[in-house]
Amino acid sequence: PPRSTLFPYTTLFRSASDVTVTSDPSGADIEVNGIFSGNTPSTLKLQPGEYRIVVTKKDQGRWERQLKVRPGAALSLNAELTPGEPVAIMGIQPATSAQPAVASNSQTVAAVTTTGAQVSGNDLNNAVKSGDLPRVKALLDAKADVNAKHGPGVTALMDAADNGNPEIVRALLDAKADANVKTDNGGTALIQAALKGNPAIVRALLDAKADANAQQFEGFSPLILASAMDHQEVVRALLDAKADVNAKTGHGVTALIMASVNGHLEVVRTLIEAKADVNAKQDNGVTALKAASLKGHREIAQLLKGAGAH
């Protein structure tokens, strides 16, 4: 049966509502407004208001809903997770394999360089998404707008970071792509690269003076996301670039809390060595130690205690 969880909005007020969250498969992580809130099945006690409920499980996918809670209501949510489903974060949509048909590389380059036809940012974005480096270079030589945006403020550099193509990232940076442009939701190329975990791209962006402490609209920084995803090499690169090890999301979540709740031992060790605050609390009072203990990550809990967590 669903168990009641203390996270994140336990209250004694009678207006609180029971929201039962289940999933298929069970044992998935629940986040409420960006705060870890237990595992499925669980019953949350939420005050009236609007919430973003996210249910995730490693290798099983991600499910998200906006929820409006009314006083005294009893609600049930069942998250059907789909393995391999792409995740859209920070207003940057995952690249799809379906791209418009294009000519061969040699034909494409010839068309761009010899016809004198006007090129657009959309041409460049499409070439980046398809991973077509020769066409990207040809379009840049033809003066395509390297910082043109599409959709929710996404640039070609962000698409390249999402696709994981270091050569295209370097070509765009050589053409003076702005490494600190933000999407409508505050996302940057570095935030996306940190999420995806490509060290070469992260280093290229940092070398181009990308802001290691940029935060998207919910407050997630590159270091927090890399720590959550267990990207150890990226975490070290960001720390070397002076990323704030104690930066918090809008709900008080730190990189150490993220790594602890997800069971990433070596990332936790790295963050502690970088002087992370082991007793930092989320807005709901949860610390890295409490999160690790709740999830059964005993070795991490012991490591945190040894570093002074209480």
Side-chain angles (χ1 to χ4, degrees), residues 34 87-92 128 146-147 149 152-262 264 266-278 280 282 288 307:
V87 178
I89 293 182
M90 304 165 292
I92 302 178
V128 168
V146 72
N147 291 311
K149 293 184 176 184
V154 180
T155 66
L157 185 61
M158 294 173 190
D159 283 328
D162 184 68
N163 284 0
N165 192 317
E167 291 80 10
I168 289 181
V169 167
R170 283 191 282 269
L172 293 168
L173 291 172
D174 288 344
K176 308 304 181 185
D178 188 341
N180 288 306
V181 170
K182 292 192 173 186
T183 67
D184 297 347
N185 290 329
T188 67
L190 182 59
I191 288 174
Q192 189 67 3
L195 175 71
K196 289 302 185 77
N198 189 309
I201 292 178
V202 167
R203 291 194 186 94
L205 291 168
L206 290 171
D207 288 343
K209 308 303 181 185
D211 184 0
N213 291 305
Q215 292 180 294
Q216 51 83 270
F217 77 110
E218 288 183 332
F220 288 94
S221 68
L223 183 62
I224 292 173
L225 289 169
S227 300
M229 301 301 292
D230 199 20
H231 299 319
Q232 169 79 343
E233 193 172 346
V234 171
V235 167
R236 290 189 179 278
L238 290 166
L239 290 171
D240 288 344
K242 310 302 181 185
D244 183 356
V245 72
N246 290 312
K248 294 186 175 185
T249 70
H251 297 286
V253 180
T254 66
L256 184 61
I257 291 173
M258 275 291 197
S260 298
V261 75
N262 286 296
H264 304 324
E266 292 310 312
V267 172
V268 169
R269 196 187 310 278
T270 297
L271 294 170
I272 290 174
E273 290 172 354
K275 309 302 182 185
D277 181 357
V278 295
Q282 296 180 178

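The figures here come from the full heavy-atom set of this structure, side chains too, leaving out hydrogens, waters and symmetry mates.
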Chemist: Mind listing the closest non-hydrogen atom pair of A212 and L190 along with its distance?
Modeler: CA-CD2, 3.8 Å
Chemist: Distance from I224 atom CD1 to Q215 atom CD, nearest 0.5 Å?
Modeler: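 Rounded to the nearest 0.5 Å, the CD1-CD separation comes to 6.0 Å.
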Chemist: Hey, are the side chains of L271 and S227 touching, using non-hydrogen atoms and a 4.5 Å cut-off?
Modeler: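 The answer is yes; the side chains approach within 4.5 Å.
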Chemist: Using every non-hydrogen atom in the two residues, find where A179 and A208 come nearest and quote the distance to one decimal.
Modeler: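 Closest heavy-atom pair between A179 and A208: CB-O, 4.1 Å.
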Chemist: If you measure from the Lys or Arg side-chain nitrogens to the Asp or Glu carboxylate oxygens, is any gap between E266 and R269 under 4.0 Å?
Modeler: yes
Chemist: Quick one: NZ on K182 to NZ on K149, what's the gap to the nearest 0.5 Å?
Modeler: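 If we round to the nearest 0.5 Å, K182:NZ and K149:NZ are 10.5 Å apart.
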Chemist: Side chains of L239 and V245, heavy atoms from C-beta outward: is any pair under 4.5 Å?
Modeler: yes
Chemist: Once you round to the nearest 0.5 Å, how far does CG of D277 lie from CD1 of I257?
Modeler: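 Interatomic distance, D277 CG to I257 CD1, rounded to 0.5 Å: 9.0 Å.
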Chemist: Is a side-chain N or O of H231 found less than 3.5 angstrom from the main chain of L195, in a donor-acceptor match?
Modeler: yes
Chemist: For a quick test of reading the model, state the closest non-hydrogen atom pair linking A307 to I272 and the distance between them.
Modeler: CB-CG2, 3.8 Å
Chemist: Minimum heavy-atom separation for A194 to L238, with atom names?
Modeler: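 Between these two residues, the closest heavy atoms are CB-CD1, 4.3 Å.
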Chemist: According to salt bridge (Lys or Arg N to Asp or Glu O under 4.0 Å), who are the partners of E273, at least two apart in sequence or on a separate chain?
Modeler: none
Chemist: Hey, is the main chain of A160 close enough, under 3.5 Å, to the side chain of Q192 for a donor-acceptor pair?
Modeler: no
Chemist: Between atom CG of N163 and atom CE of M158, what is the distance when rounded to the nearest 0.5 Å?
Modeler: 13.5 Å
Chemist: Donor-acceptor check, side chain of N147 to backbone of D178, threshold 3.5 angstrom: yes or no?
Modeler: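 Here the side-chain-to-backbone pair exists.
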Chemist: Just how far is it from atom CG of N198 to atom CZ of R203, taken to the nearest 0.5 Å?
Modeler: 9.5 Å
Chemist: Check whether K248 reaches the backbone of A255 with its side chain - one donor and one acceptor, N or O, closer than 3.5 Å.
Modeler: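 Flag not set: sc K248 to bb A255 has no pair under 3.5 Å.
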Chemist: Please determine, by modelled atom types, if Q216 and N185 share a side-chain donor-acceptor pair under 3.5 angstrom.
Modeler: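 The criterion, which ignores hydrogens and geometry beyond distance, is not satisfied for N185 and Q216.
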Chemist: Could you tell me whether a side-chain N or O of N246 sits under 3.5 Å from a main-chain N or O of T254, the two making a donor and an acceptor?
Modeler: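 Between the backbone of T254 and the side chain of N246 there is no qualifying donor-acceptor contact (under 3.5 Å).
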Chemist: So do N213 and S221 actually touch side chain to side chain, heavy atoms under 4.5 Å?
Modeler: no
Chemist: Report the C-alpha distance between L225 and I191 in whole Å, list the side-chain angles of each, state the deciding distance to 0.1 Å, and finish with yes or no for side-chain contact (heavy atoms from CB on, under 4.5 Å).
Modeler: CA-CA 8 Å; L225 289 169; I191 288 174; 3.5 Å; yes
Chemist: Is there side-chain contact between T188 and N180, with at least one heavy-atom pair below 4.5 Å?
Modeler: no
Chemist: Does some side-chain heavy atom of V154 sit less than 4.5 Å from a side-chain heavy atom of D162?
Modeler: no
Chemist: Work out which heavy atom in V169 is nearest to a heavy atom in A204; give both atom names and the distance.
Modeler: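 For V169 and A204, the tightest heavy-atom pair comes out as CG1-CB, 4.3 Å.
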Chemist: Ignoring hydrogens and geometry, is there a side-chain-to-backbone donor-acceptor pair from D159 to V128 under 3.5 Å?
Modeler: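 Absent.
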Chemist: Taking atom NE2 of H264 and atom CD of Q232, what is their separation to the nearest 0.5 Å?
Modeler: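 With rounding to 0.5 Å, NE2 (H264) is 10.5 Å from CD (Q232).
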Chemist: Here's a test for you: under side chain to side chain contact (heavy atoms under 4.5 Å, CB included), which of V267, D230, V253 qualifies with M258?
Modeler: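 Exactly one pass, corresponding to V253.
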Chemist: For the backbone of E167 and the side chain of N165, can you confirm whether one donor and one acceptor N or O come within less than 3.5 Å of each other?
Modeler: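 Side chain of N165 to backbone of E167, a donor-acceptor pair under 3.5 Å: yes, one is there.
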